[in-house]
Amino acid sequence: MAGSSETDWVSRFADEVIAEAERRAPGKAIVCASGLSPSGPIHLGNLREVMTPHLVADEIRRRGYECVHIISWDDYDRFRKVPAGIDPAWAEHIGKPLTSVPAPQGSPYANWAEHFKAPMIAALAEMGIEFHGISQTEQYTSGAYREQILFAMRERERIDAILAQYRTKKPAAGQGGQRQVDEAEAAAIEGSGAATEDDGSAAAGYFPYKPYCSACERDLTTVTSYDDETTELAYTCVCGFSEVVRLSEHNRGKLVWKVDWPMRWKYEGVVFEPSGVDHSSPGSSFVVGGQIVRDVFGGDQPIGPMYAFVGISGMAKMSSSKGGVPTPADALEIMEAPLLRWLYARRKPNQSFKIAFDQEIQRLYDEWDALARKVADGTALPADLAAHARAIGTAAGPLPTTPRPVSYRTLASVVDVSAGDSEQTLRILRDLDPADPIASLDETRPRLDRAAHWVTTQVPLEQRTRVRDEPDAELLESLGDAERESLRLLLDGLDEHWSLDALTTLVYSVPKLQAGLPADAKPTPELKVAQRGFFALLYRLLVGRDTGPRLPTLLLAVGAGRVRKLLGA
RNA sequence: GGGGUGCUAGCUCAAUGGCAGAGCAGCGGACUUUUAAUCCGUAGGUUCAGGGUUCGAAUCCCUGGCGCCCCA
């Protein structure tokens, strides 16, 4: 493709989308879209549904084109299943639109959908993702799709014929009505959506529209007749209710998913919309939708890459405390927005990856910092450079950064040994670089806060440093003369060596002095052994283990008074 | 059973028919190095297997194997 910058996958899609948009409607704003169903926590896998078009839309904007990123909130979808941890009484709401289901107990939000949309919207804002949200509840209940619905009903036979091409299981057993209830139940149990979606088959014929019951609000309805002339539609509900409505004025119901989606492609003029790999089977909504949008609605199918799943590594307490998979908001508590953006930008959509909630996050941050240095000194590879640029900001501007990006690993360690005490944290951080000391913790935020949150919520207790409250009397009692002397040498020098560098010198010199060597003697193998032994003794006395954070750091964090106490002074 | 997708260095991944490459881990060193580093150097390969197309294949086609996902 001529002119393609060929730097990364985002650029290539942007080329493709711009070309396609020019072909379809030159000069008009380019539309990229995401669809999210707020049926439960919107997790990091769902974030890919947003990040993929976001990155492409952002690249398009960077090139000076007008581009709209629509997030379609599928909040008019049926409530399928009561998730674990929710009052089983919510089962009575199964089949209602998500916006008609009460939010979980204790939620400040008006309904189920809002409860799960809100944290996602906040996370998207933090990540610098600009979008135009469209509530499908508002669209349907305001009659925005009136013409499209009436049209789809008129064209129901053609739609049915197209769907029939993909139905692997013909209605061999025959009982359409029975099948429908089975599917409703199966969907209620399964909870996963698109592929098991009721496509609108029923005993009285095929109808691509499903009303929500006017009495019970649920979608356990069956269309029994429809008149194209009058637009009168009759339905019955399992609750016993039945009525006849005019579709030309009725606003409580929706097109079945496989028709709804292509209808909206045409309605919004979507040029780019990705979908999960579960849409990659032959009869999937994306494939079927493509044919329906072309043959029925006379529109075009968007460019739609399939994206692979996003996994999680670690997640110590997450599952137990929050009862589910982590959300973007959870991730943003332990990592800065640019890092999270980077994870999605650096991998092609069809490539699955994991987001680190365990120790891996430290390595990841190291890699990120190393990349930033390469970018700064101009040695970054083009693809890495592109991913970095997409991570740190958008066409609208840069995202907030940490002024002094101290290594995440270091911050985590400091928070660990200082138990989060901000005064001690600042003291240790200030000593990191005496030539250019950190004046305020704010210079290391927000990264410091992310690291602190990670340490307290994700690091297993047995890996945390826990300074002893009381001296290990038994161990102190059992020490030999040489060991006692080493402790005394350390304690004697403590006051005049109370800084990171001086303490480093001190702890290494104690074994030298004991061996009768000057403090600046060159190390010998024997000396190294003695030093290790000395360090282990100190770790045992201070934290009850053989190893720990570097001693100077640890000593500073523990404080002179407590050190004296624990070392038996 | 059907479909999708992936398989490249120890690990995570690049290379979009044209010299198989990075990061991390490893190893050696600078520099006393411990759950805090940084820098320099270094090694690392039958690109899952087999066949085909091609002047040329990690890349395209076919067959098989294994992993993951979806459907039935």
Side-chain angles (χ1 to χ4, degrees), chain A residues 1 4 6 8-9 12 45 166-169 190 192-196 275-287 305-309 311 313 343 346-354 356 359-360 362-371 373-374 379-384 387 406-417 428-429 431-433 451 455 459-460 462-465 500 504-512 517 519-539 542-543 545-554 556-557:
Chain A
M1 186 170 290
S4 164
E6 243 182 66
D8 65 348
W9 67 268
R12 275 174 247 137
Y166 296 96
R167 287 190 195 112
T168 49
K169 191 174 164 187
E190 261 312 307
S192 166
T196 55
S275 53
V277 289
D278 53 323
H279 291 291
S280 59
S281 48
S284 77
S285 327
F286 190 80
V287 175
M306 311 286 175
Y307 53 86
F309 287 102
S313 69
L343 296 177
R346 69 205 283 245
R347 300 285 179 237
K348 284 179 291 197
N350 65 353
Q351 186 181 342
S352 63
F353 67 90
K354 288 183 175 181
Q359 304 285 341
E360 177 78 3
Q362 302 186 105
R363 198 201 58 74
L364 202 65
Y365 248 107
D366 284 345
E367 200 179 339
W368 171 247
D369 287 342
L371 174 59
R373 280 193 298 275
K374 282 188 190 172
T379 58
L381 270 42
D384 293 338
V406 177
S407 153
Y408 190 91
R409 192 184 295 277
T410 304
L411 292 175
S413 179
V414 169
V415 169
D416 180 37
V417 297
I428 299 167
L429 291 179
D431 292 340
L432 285 177
D433 185 4
V455 167
V459 177
E462 63 269 17
Q463 286 176 33
R464 297 285 310 270
T465 298
L500 202 65
T504 305
T505 307
L506 179 64
V507 294
Y508 283 109
S509 69
V510 165
K512 295 178 192 170
L517 298 168
D520 58 356
K522 276 291 184 186
T524 63
E526 305 83 64
L527 202 49
K528 288 190 180 186
V529 171
Q531 285 167 339
R532 277 178 206 279
F534 176 56
F535 294 160
L537 172 63
L538 293 178
Y539 285 122
L542 294 172
V543 299
R545 290 208 306 259
D546 287 334
T547 63
R550 288 182 156 229
L551 281 169
T553 314
L554 182 60
L556 278 175

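Here is how names work: the chains are called A, B, and so on, in the same order as the sequence lines, proteins then strands, and each is numbered from 1.
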Within the 4.0 Å heavy-atom criterion, would you say A:N350 contacts the bases, only the backbone, or no part of the nucleic acid? sugar-phosphate

Spacing of the [atom1] atoms in [M] and [N] (rounded, Å):
N	M	atom1	value
B:A58	B:U8	P	15 Å
B:C39	B:G4	P	46 Å
B:A9	B:G44	C1'	6 Å
B:C24	B:C31	C1'	23 Å
B:U47	B:A57	C1'	11 Å
B:C62	B:C69	C1'	24 Å
B:G1	B:U54	C1'	37 Å
B:G56	B:A20	P	15 Å

Starting from [atom2] on [N], measure out to [atom1] on [X] and report it in whole angstrom.
X	N	atom1	atom2	value
A:E367	B:C13	CD	P	11 Å
A:L364	B:C13	CG	P	12 Å
A:Y365	B:G23	OH	C1'	18 Å
A:F353	B:C69	CZ	C1'	16 Å
A:L371	B:C13	CG	C1'	14 Å
A:W9	B:C13	CH2	P	16 Å
A:D384	B:A14	CG	P	12 Å
A:E360	B:A25	CD	P	11 Å

Residues at least two apart in sequence or cross-chain that pass salt bridge (charged side-chain N to carboxylate O under 4.0 Å, His left out) with A:E360, listed by chain then number, are A:R363

Using salt bridge (charged side-chain N to carboxylate O under 4.0 Å, His left out) as the criterion, list what pairs up with A:R347, not counting sequence neighbours. none

Taking the side chain as every heavy atom from C-beta outward, state whether A:Y365 and A:S407 have any pair of such atoms under 4.5 Å apart. no

Can you tell which of A:V417, A:V455, A:V543 makes a side-chain contact (heavy atoms from CB on, under 4.5 Å) with A:R464? A:V455

Starting at the 5' end of RNA chain B, write a dot or bracket for each base, bracketing those in Watson-Crick or G-U wobble pairs whose two distances are under 3.5 Å and using | for partners on another strand. (((((((..((((....[..)))).(((((.......))))).....(((((..]....)))))))))))).

Phosphate contact (B:A15 OP1 or OP2) by A:K348 side-chain N/O below 4.0 Å: yes

Charged N to carboxylate O below 4.0 Å: is that the case for A:D366 and A:R409? yes

Does any N or O in the side chain of A:S509 come within less than 3.5 Å of the main-chain N or O of A:T505, such that one atom is a donor and the other an acceptor? yes

Expected rows: protein N/O vs nucleotides 8-12 of chain B N/O, under 3.5 Å:
from	atom 1	to	atom 2	distance (Å)
B:U12	O2'	A:R347	NH2	3.1

Once you round to the nearest 0.5 Å, how far does [atom1] of [X] lie from [atom2] of [Y]?
X	Y	atom1	atom2	result
A:D384	A:K374	CG	NZ	6.5 Å
A:L551	A:F535	CG	CZ	6.0 Å
A:T465	A:L542	OG1	CG	10.5 Å

Please give me the minimum heavy-atom distance between A:A308 and A:S352, naming the atom from each residue. CB-N, 3.6 Å

Heavy-atom pair of closest approach, residues A:S275 and A:F286: OG-CD1, 4.0 Å

What one-letter contact string describes nucleotides 35-44 of chain B from 5' to 3', where B marks a base within less than 4.0 Å of any protein heavy atom, S marks contact via sugar-phosphate atoms alone, and - marks no contact? BBS-S-----

Residues in ring pair (Phe, Tyr, Trp, His ring centres under 6.0 Å) with A:F534, at least two apart? none

